[in-house]
Structure formats: C-alpha cells, structure tokens
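Worksheet: the structure to be examined is printed underneath.
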Amino acid sequence: MIDFFAPALAIDGLIWIVAGSFLAGLARGFSGFGTAMIYLPFAASVLPPVWALTALIVMDLIAPLFLIPRALRDGHPPDILRLAGGSLVGVPLGVAMLLVMATDFFRYAVSSVALLLLVALVLGLRYRGVLTRAMVYGTGCLGGLLAGSIGIPGPPVIMLYMASTLPAAAIRANNTVYLVLADLQILGVFAIRGLLESVPVAIGIMATVPYATGIGIGALLFDPERELVYRRIAYAMIALSAVSGLPFFD
C-alpha cells in the first residue's frame with residue numbers, strides 16, 4: 001500500500017493539489033458546483049492534463065457519494081437522464097481532443113472556460129425561451145464534450161438551469177447527480193483507451209480527504225435563505241483559481 005502512494009507523495013507541488021481539492025469541495029458543498037473550475041487550475045499547474053483529469057475523476061467520484069441519496073430525492077430524474085444521455089455522445093469526442101492538447105493549451109482552456117462562465121453568471125446572461133427535451137440532450141452533449149476535453153462538464157448545465165423554473169434545491173441536486181454520472185463516463189472512456197495510471201489514481205484517492213472535508217463543511221454552511229451570498233463566494237473562488245492557473249503566472 002505504501003508503495004502504491006509513494007510516487008504520488010513524491011510529486012512536486014502536491015500541496016497545491018491538496019489546497020485546490022479543499023477549496024473545490026468547499027464550493028461544491030455550499031453551491032453544488034465549481035469543483036473542476038476551482039480544482040483543475042491548481043492541478044494542471046502540477047500535473048499533465050490526463051493525470052489532472054484522472055485525479056479529478058477519482059476524487060470527484062468518491063467524496064460526493066453521501067450527497068447522492070438526498071440529490072436523488074430533491075432532483076428531477078428525467079432531466080438527469082437526458083443530460084447523461086447527451087454526454088454519452090460528447091465525452092468520447094472530448095477525450096479525443098484532450099489527447100492532442102499541449103499542456104499549456106489545456107491550462108489556458110480550463111481557465112478561459114471558467115472565466116467565461118463566471119462573466120456570464122455575473123452578467124445574468126441566460127436563455128429566455130422554453131427548455132425542450134432536445135435542448136437538455138444537447139446541453140448534456142456539450143457538457144460531455146467539455147468534460148472529456150478539459151474536465152469541466154458543468155458550465156452548459158449551469159447556464160441551462162439559469163433559465164429553468166425548477167426550485168433551487170432541485171437544480172442543485174440535478175447538477176450533483178449529473179456531475180457524478182459524467183465522471184463515470186469519462187472514467188469508462190479512459191479505461192477503454194488505456195489511460196488510467198496508478199500515480200494519478202493515487203493522487204485522486206489522497207485528494208479525497210481534503211475534498212470530502214471541504215464538501216462536509218460547505219454542506220453544513222449551506223442555507224437556502226442565503227443562497228446569493230454562497231453563490232458570490234463561489235464566484236470569487238472560481239475567479240481566483242482560474243486566474244492563478246494561467247501559465248503566464250508560472
């Protein structure tokens with residue numbers, strides 16, 4: 001067991017992965033989103049792209065499992081299934097893009113997508129029309145494409161639900177379940193392509209501890225009546241992480 005974790009413990013900059021994991025968990029716990037957008041800029045400054053995504057998937061599959069029963073109760077299962085169905089198409093295409101990306105391009109892409117979403121959220125940009133089934137499937141596909149290529153499936157789904165009439169608790173629950181399903185899909189594609197290696201898996205397992213701690217603290221802090229406050233805190237955390245993750249700050 002010690003031999004399994006030894007190469008991961010020897011990685012330079014592991015402290016940044018731990019810090020990013022905790023902050024990502026904190027945001028996930030009280031807002032329901034933000035994991036990849038906060039964690040990946042930290043991880044991508046230390047790890048190659050495929051390793052960064054592998055560690056994220058392992059971490060993001062283990063830690064939030066205790067949130068799933070409540071999310072299934074609070075959520076809207078038909079929408080979740082449509083989103084997951086769409087991402088089945090997008091994830092393999094995204095992974096194919098990931099495999100031809102340079103490390104710096106990956107880091108710029110992660111930070112840029114996070115910052116673009118942040119701007120859209122702050123400005124209140126949203127779709128004003130009717131949400132159709134085809135639109136939900138398409139959003140899941142786009143989320144899967146982003147998930148497989150840069151590990152960020154959330155932005156299209158977040159923007160979709162800004163136009164939804166579902167209550168905040170249902171939106172938060174849908175996003176939680178969808179992100180877990182997207183992680184399972186990416187893990188499956190990685191396994192088929194032979195991309196799963198022991199070192200990033202070990203990193204992901206270790207990162208689960210600070211990530212789960214952050215989720216627990218964030219979930220305890222969450223109060224629906226103060227949702228706007230938590231959302232603004234999550235926005236600030238995403239902005240700081242995305243900007244600090246840009247390669248020209250190295």
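We count residues from 1, following the sequence as given.
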* Check for a donor-acceptor pair, side chain of Arg82 on one end and backbone N or O of Gly140 on the other, with a separation under 3.5 Å. => no
* Same cluster for Leu240 and Leu246 if Ile/Leu/Val/Met/Phe/Trp/Tyr side chains link at under 4.5 Å? -> no
* To do: Tell me, please, which residues at least two apart from Arg70 pass salt bridge (Lys or Arg N to Asp or Glu O under 4.0 Å).
  => Asp74
* To do: Decide whether Tyr211 and Thr35 meet the rule of one side-chain donor and one side-chain acceptor closer than 3.5 Å.
  => yes
* To do: Identify which one of Ile186, Val189, Leu99 satisfies the side chain to side chain contact (heavy atoms under 4.5 Å, CB included) criterion when paired with Leu195.
  => Leu99
* Roughly how far, to the nearest 0.5 Å, is CD1 of Ile11 from CD1 of Ile17? -> 6.0 Å
* For Asp183, what residues pass the side-chain hydrogen bond (donor to acceptor under 3.5 Å, both in side chains) criterion, not counting sequence neighbours? -> none
* Taking side chain as C-beta onward, heavy atoms only, is Val46 less than 4.5 Å from Asp12? -> no
* To do: Taking all heavy atoms of Leu56 and all of Ala36, pick out the closest pair and write down the distance.
  => CD2-CB, 3.9 Å
* How long is the span from the CG atom in Leu14 to the CG atom in Leu47, to the nearest 0.5 Å? -> 8.5 Å
* To do: Could you tell me whether the side chain of Leu187 reaches within less than 4.5 Å of the side chain of Thr54, counting heavy atoms only?
  => no
Output a table of donor-acceptor pairs, distance under 3.5 Å, between side-chain atoms of residues 83-97 and any protein atom two or more places apart or on a different chain; print 'none' if there are none.
residue	atom	partner	partner atom	Å
Ser87	OG	Ala84	O	2.8
Ser87	OG	Gln185	OE1	2.5
Ser87	OG	Gln185	NE2	3.1

* Co-membership, hydrophobic cluster, residues Leu61 and Met59, 4.5 Å side-chain -> yes
* To do: Flag yes if Ile205 and Leu196 sit in one hydrophobic cluster, no otherwise; membership is Ile, Leu, Val, Met, Phe, Trp, Tyr, and two members link when side-chain heavy atoms are under 4.5 Å apart.
  => yes
* Counterpart residues, side chain to side chain contact (heavy atoms under 4.5 Å, CB included), relative to Leu23 (two or more places apart) -> Ile38, Phe42, Met237
* Could you go step by step and tell me if Leu53 and Phe106 meet the side-chain contact (heavy atoms from CB on, under 4.5 Å) rule? -> CA-CA 11 Å; Leu53 259 64; Phe106 175 80; 3.2 Å; yes
* Under 4.5 Å between any side-chain heavy atoms of Val58 and Pro200, yes or no? -> no
* **Distance, nearest 0.5 Å, that separates OG of Ser21 from CD1 of Ile215** => 10.0 Å
* Asked: Can you name the residues that form a side-chain hydrogen bond (donor to acceptor under 3.5 Å, both in side chains) with Trp16, not counting sequence neighbours?
  -> none
* Asked: With side chains defined as the heavy atoms from C-beta onward, is the minimum distance between Met101 and Pro49 less than 4.5 Å?
  -> no
* Cluster overlap Val177 with Leu81, hydrophobic side-chain contacts below 4.5 Å -> no
* Asked: Does Asp79 reach the side chain of Tyr178, with side-chain heavy atoms less than 4.5 Å apart?
  -> no
* Say whether Tyr137 and Leu160 are linked into one hydrophobic cluster, either directly or through other cluster members, by side-chain heavy-atom distances under 4.5 angstrom. => no
* I would like to know whether Phe4 and Val201 meet side-chain contact (heavy atoms from CB on, under 4.5 Å); could you show each step before the answer? => CA-CA 10 Å; Phe4 177 75; Val201 170; 4.2 Å; yes
* Could you check if a side-chain atom of Phe190 sits within less than 4.5 angstrom of a side-chain atom of Leu98, using non-hydrogen atoms only? => yes
Under 3.5 Å, which donor-acceptor pairs do the side chains of residues 145-156 form with other protein atoms, sequence neighbours left out?
residue	atom	partner	partner atom	Å
Ser149	OG	Leu145	O	2.8
Ser149	OG	Leu146	O	3.4

* Structure fact -> Between the CG atom in Leu179 and the CD1 atom in Ile57, the distance rounded to the nearest 0.5 Å is 12.0 Å
* Structure fact -> Here the pair of heavy atoms bringing Ser241 nearest to Pro41 is O-CB, 3.1 Å
* Can you measure from CG (Asp60) to OH (Tyr39) and round to the nearest 0.5 angstrom? => 10.0 Å
